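One structure is given below, encoded as structure tokens.
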Amino acid sequence: ISISGNIVAETGSILDVSGTKGVLDLSPAYASIDPAIVKSYGNAQTVPVTVESNGGTIILAGGEMLHTGATLIGKAGGNSAIGGTLEVSSGKFTPIGTASNTAEINLSVTQNGGLLPVGTSSQGVGSLLRDENNVVLPGLGHFSVDSFSSGGFHSLALKGNVRFEGNVSIQTPGSISVATGGVVRADCDVSLKAGHVALGQAFRPPALDDEAVILFTRTSAEGVTSAYSFSPTGGTGRLNIEADLIDIGNLSFDGIGSASFSAIHGDIRGNGTLSTASDLTFHAGQIYPTTYGDFSIFAYGGKSVTIER
């Protein structure tokens, strides 16, 4: 399921990409990886085989806003399959003639509770979207973790520049990808646990010596685009990452006072710059940059960087 544009998925709606299970007549070679079992079927051309499929993919790509109260489901078809993948992203509404930059937050994440009122909205297409208190909803993306956590998904991607509001905990057996735009903001405790956690922009190939690398841009009110830079900020946010493999691309923290990256028996792999005003702790079997790449870690404002074995 792939949905794009300005998205409003009302409370009570269901998006389900769960796998399924069925019995098919297949060659004995599909019945087992044990040669003795396959041989036991003799000269049979086909045998009944139970086939279980993986969960599918849901992509929610908001244009200038994304508000969803929908229930999202992506369960595996059985024990031999894995759950589905959920990808969430959104643009941000910018009035004509207003300056903007690519470091602005465009996806807000909370643990529970959507902004949409319960029940069917009576507002027509093209009207301002309002919450149950009749307050106009902001023109960006909003995602509630609880709409995902019981859906049986294997992987989750929260794309763009992400703001975590309140305490948020996300755990998946597969992968979690956060903040592909390069900015993470938090004001409370945020916990991300998965087999693989990727933070920040996508890894970049090696650059030439005279090649300018532009991470963020600014567009003026007149429509002129230029390179943009900013300083990270500390605050009350606390980020805890646990995975077998942690990937860190170009990434800046906003409002985060401390962060812990733990891959005790695994690797932390970096590409680009981690720019923070936070106390940072790294605990891994190996910490290294990508091949022919650089990985720089900055903790401004007198903050510390601790590497543990």
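Since the model is a prediction, treat every value here as computed from it, not as a measurement.
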(message) Please evaluate residues Thr219 and Thr225 with respect to the criterion side chain to side chain donor-acceptor pair (under 3.5 Å), reporting the C-alpha separation (whole Å), side-chain torsions for both, the decisive distance (0.1 Å), and the verdict.
(response) CA-CA 4 Å; Thr219 301; Thr225 300; 3.1 Å; yes
Quick one: does [X]'s side chain have a donor or acceptor within less than 3.5 Å of a partner on [Y]'s backbone?
X: Thr281; Y: Ser260; result: no
X: Ser278; Y: Leu280; result: no
X: Ser53; Y: Thr20; result: yes
X: Ser18; Y: Lys75; result: yes
X: Ser220; Y: Ala99; result: no
X: Asn161; Y: Glu104; result: yes
X: Arg204; Y: Ala202; result: no
X: Asn54; Y: Ala81; result: no
X: Asn6; Y: Glu64; result: yes
X: Gln111; Y: Ser144; result: no

For [X] and [Y], which heavy atoms make the closest approach, and how far apart are they?
X: Val8; Y: Met65; value: CG2-CE, 3.8 Å
X: Phe261; Y: Ile268; value: O-CD1, 3.8 Å
X: Ala194; Y: Gly174; value: CB-O, 3.6 Å
X: His142; Y: Leu107; value: N-CD1, 4.1 Å
X: Leu215; Y: Thr102; value: O-OG1, 4.5 Å
X: Ala70; Y: Ser147; value: O-CB, 3.6 Å

Do [X] and [Y] have side chains that get closer than 4.5 Å, going by heavy atoms?
X: Ile7; Y: His67; value: no
X: Arg185; Y: Ile256; value: no
X: Thr290; Y: Asp247; value: no
X: Asn240; Y: Asp189; value: no
X: Leu251; Y: Val184; value: yes
X: Val197; Y: Leu199; value: yes
X: Phe253; Y: Leu239; value: yes
X: Leu66; Y: Leu60; value: yes

(request) Taking atom types as modelled, find out whether His265 and Asp244 have a side-chain donor-acceptor pair closer than 3.5 angstrom. (result)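 No donor-acceptor contact under 3.5 Å links the two side chains.
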(request) Among Val109, Leu156, Leu158, find the residue that satisfies the side-chain contact (heavy atoms from CB on, under 4.5 Å) test when tested with Val145. (result)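 When Val109, Leu156, Leu158 are each tested with Val145, the side-chain contact (heavy atoms from CB on, under 4.5 Å) holds only for Val109.
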(request) May I ask you to decide if the ring planes of Phe148 and Phe153 are parallel, tilted or perpendicular, using 30° and 60° as cut-offs? (result)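 Rings of Phe148 and Phe153: parallel, as their planes differ by under 30°.
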Could you tabulate the donor-acceptor pairs under 3.5 Å formed by side-chain atoms of residues 292-304, not counting sequence neighbours?
| unit_1 | atom_1 | unit_2 | atom_2 | d |
| --- | --- | --- | --- | --- |
| Ser304 | OG | Asp279 | OD1 | 3.1 |

(message) Any salt bridge linking Lys159 with Glu87? Criterion: basic side-chain nitrogen under 4.0 Å from a carboxylate oxygen.
(response)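 Salt bridge between Lys159 and Glu87, a charged N being under 4.0 Å from a carboxylate O: yes.
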(request) Determine whether more than 12 heavy atoms belonging to other residues, nucleotides or ligands lie under 6.0 Å from atom CD of Glu308. (result)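 Check passes, neighbour count above 12.
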(request) Could you go through the side chain to side chain donor-acceptor pair (under 3.5 Å) check for Glu242 and Ser262 one step at a time? (result) CA-CA 5 Å; Glu242 295 183 28; Ser262 180; 5.6 Å; no
(request) Apply the test side chain to side chain donor-acceptor pair (under 3.5 Å) to residues Glu165 and Thr110: give CA-CA distance (whole Å), side-chain angles for both, the deciding distance (0.1 Å), then the verdict. (result) CA-CA 5 Å; Glu165 297 184 16; Thr110 59; over 6 Å; no
(request) Test Asp254 against Thr233 for side chain to side chain donor-acceptor pair (under 3.5 Å), laying out the working first. (result) CA-CA 5 Å; Asp254 186 12; Thr233 65; 2.3 Å; yes
(request) Give a yes or no on whether Val213 and Phe203 share a hydrophobic cluster (residues Ile, Leu, Val, Met, Phe, Trp, Tyr; joining criterion: side-chain heavy atoms under 4.5 Å apart). (result)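 Cluster IDs for Val213 and Phe203 differ.
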